[in-house]
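What follows is a single structure, written as structure tokens, with notes after it.
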Amino acid sequence: MSWHINILTLFPDMFPGSLGQSLSGKALEKNIWSYDTINIRDFAEGVHKSVDDTPYGGGAGMVMRADIIEKALLSIENPGKKIFLSPKGRVLDQKMAQNLSQTSAITLLCGRYEGVDQRILDAHDFEEVSIGDYVLSGGEPAALTLMDACIRLLPGVLGNAETPTEESFSTPNLLEYPHYTKPASWNASDGKTHDVPEILQSGDHGKIKAWRQEQAQKITQKRRPDLLGKK
Ligand code: ADE
């Protein structure tokens, strides 16, 4: 049984998007994960098939209607965990991605316009999830991001070469140490020679490990000191 995602959206052509390429694209072909898009507009009525209306209380923009979203939602056989992508939500982190990658059925609701009628979220117990403190024009790129973070954790998606134990945001909350490859000495267009740190060319695996740990610690302290206190 593969990891399955239902996506409620007005823009089904945005999927699988970037997830149809590279490792996630291969995993999709192998049926390690699968998805269905549900076009919310298919559940709208009337000649205009409008899915939104003006907000009660006034104000700018349009709000997506609860009744139409509900019809779309009820068409899904096994919706599972329901998530609304929204900048008001809990911010996605690696722990959430790990949990979701172990959840077999998930439904993502992607909003457009000013938002969705709050009652659809209340009536169907949607959890709100944000991908960061900035506002996108719709939930679709956020859904793709959430899915990407989960898909790469599914068994069989990453090869041994890309195994996620030592990278950024694996269990210890450290950012990754810097990487280098050939040539050992590189004359860049800035007119300077950039050399690979001597220690990485020494072959002394103990020293290399210690150096990498120190680099990871330093970069985390400098950029994300908040991570060092996290469980
Ligand atoms: N929709 C618009 N902005 C968003 C964000 N930052 N995260 C999730 N969904 C969004």
Side-chain angles (χ1 to χ4, degrees), residues 3-21 24 33 35-44 50-73 76 79-103 105-154 168-169 173 175 223-224 226-227 230:
W3 189 73
H4 189 77
I5 287 267
N6 304 293
I7 306 148
L8 292 159
T9 175
L10 290 169
F11 300 96
D13 292 349
M14 288 194 185
F15 299 90
S18 57
L19 302 177
Q21 303 285 314
S24 52
W33 70 281
Y35 74 99
D36 283 312
T37 53
I38 301 96
N39 189 344
I40 298 167
R41 198 169 303 281
D42 290 346
F43 298 85
S50 74
V51 293
D52 57 347
D53 214 322
T54 53
Y56 273 107
M62 301 289 269
V63 177
M64 287 171 70
R65 283 169 52 155
D67 56 342
I68 295 169
I69 296 171
E70 184 180 64
K71 284 189 188 129
L73 176 62
I76 300 169
K81 181 167 179 57
K82 283 157 278 183
I83 293 173
F84 173 52
L85 282 313
S86 150
K88 276 162 66 189
R90 183 148 75 94
V91 178
L92 178 69
D93 63 10
Q94 191 63 16
K95 188 100 210 126
M96 273 163 86
Q98 264 159 11
N99 285 331
L100 292 172
S101 73
Q102 286 162 29
T103 305
I106 299 172
T107 292
L108 303 179
L109 171 59
C110 302
R112 285 267 146 180
Y113 316 114
E114 289 307 297
V116 304
D117 189 312
Q118 179 65 35
R119 293 172 295 175
I120 190 67
L121 308 178
D122 297 343
H124 290 277
D125 206 25
F126 275 87
E127 185 182 340
E128 290 188 57
V129 174
S130 166
I131 62 158
D133 293 337
Y134 39 81
V135 182
L136 304 171
S137 49
E140 288 81 2
L144 288 166
T145 299
L146 179 151
M147 289 163 68
D148 186 306
C150 295
I151 290 164
R152 59 186 294 288
L153 299 175
L154 299 172
S168 291
F169 297 116
N173 279 302
L175 301 181
R223 291 189 188 167
R224 296 291 310 277
D226 59 300
L227 289 179
K230 248 179 126 171

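Just follow the structure's listing: the first ligand is 1, and inside any ligand the first atom is 1. Keep in mind that what you see is a predicted model, and the values were worked out from it rather than measured.
When only non-hydrogen protein atoms are considered, atom 6 (N) of ligand 1 lies nearest to Tyr134 O, 2.8 Å. For atom 9 (N) of ligand 1, the closest non-hydrogen atom of the protein is Ser86 N, 3.1 Å. Remark: minimum distance from atom 10 (C) of ligand 1 to any protein heavy atom is reached at Pro87 CD, 3.6 Å. Looking only at protein heavy atoms, the nearest one to atom 3 (N) of ligand 1 is Leu136 N, 3.0 Å.
Considering backbone and side-chain atoms alike, Val129 places every N or O at 3.5 Å or more from each N or O of ligand 1. Checked against a 3.5 angstrom limit, the closest N/O atoms of Ser137 and ligand 1 fall outside it.
With a heavy-atom cut-off of 4.0 Å, Ala142 touches ligand 1 through its side chain alone.
Heavy-atom neighbours of Asp133 CG from other residues, nucleotides or ligands within 6.0 Å: at or below the threshold of 12. Other residues, nucleotides and ligands contribute only 12 or fewer heavy atoms inside 6.0 Å of the CD atom of Gln21.
Ranked by closest heavy atom to atom 7 (N) of ligand 1, the top entry among Ile131, Val91, Leu85 is Ile131.
Comment: Asp93 does not engage Lys95 in a salt bridge, judged by the lack of any side-chain N to carboxylate O separation of less than 4.0 angstrom.
We find the CH2-CD1 distance between Trp33 and Ile151 to be 4.0 Å, quoted to the nearest 0.5 Å. To the nearest 0.5 angstrom, Asp53 atom CG is 9.5 Å from Asp67 atom CG. Going from atom CG of Leu8 over to atom SG of Cys110 covers 8.0 Å, rounded to the nearest 0.5 Å.
No side-chain heavy atom of Lys82 sits under 4.5 Å from any side-chain heavy atom of Leu109.
Listed by number with element, the atoms of ligand 1 under 4.0 angstrom from any heavy atom of Gly132 are 6 (N).
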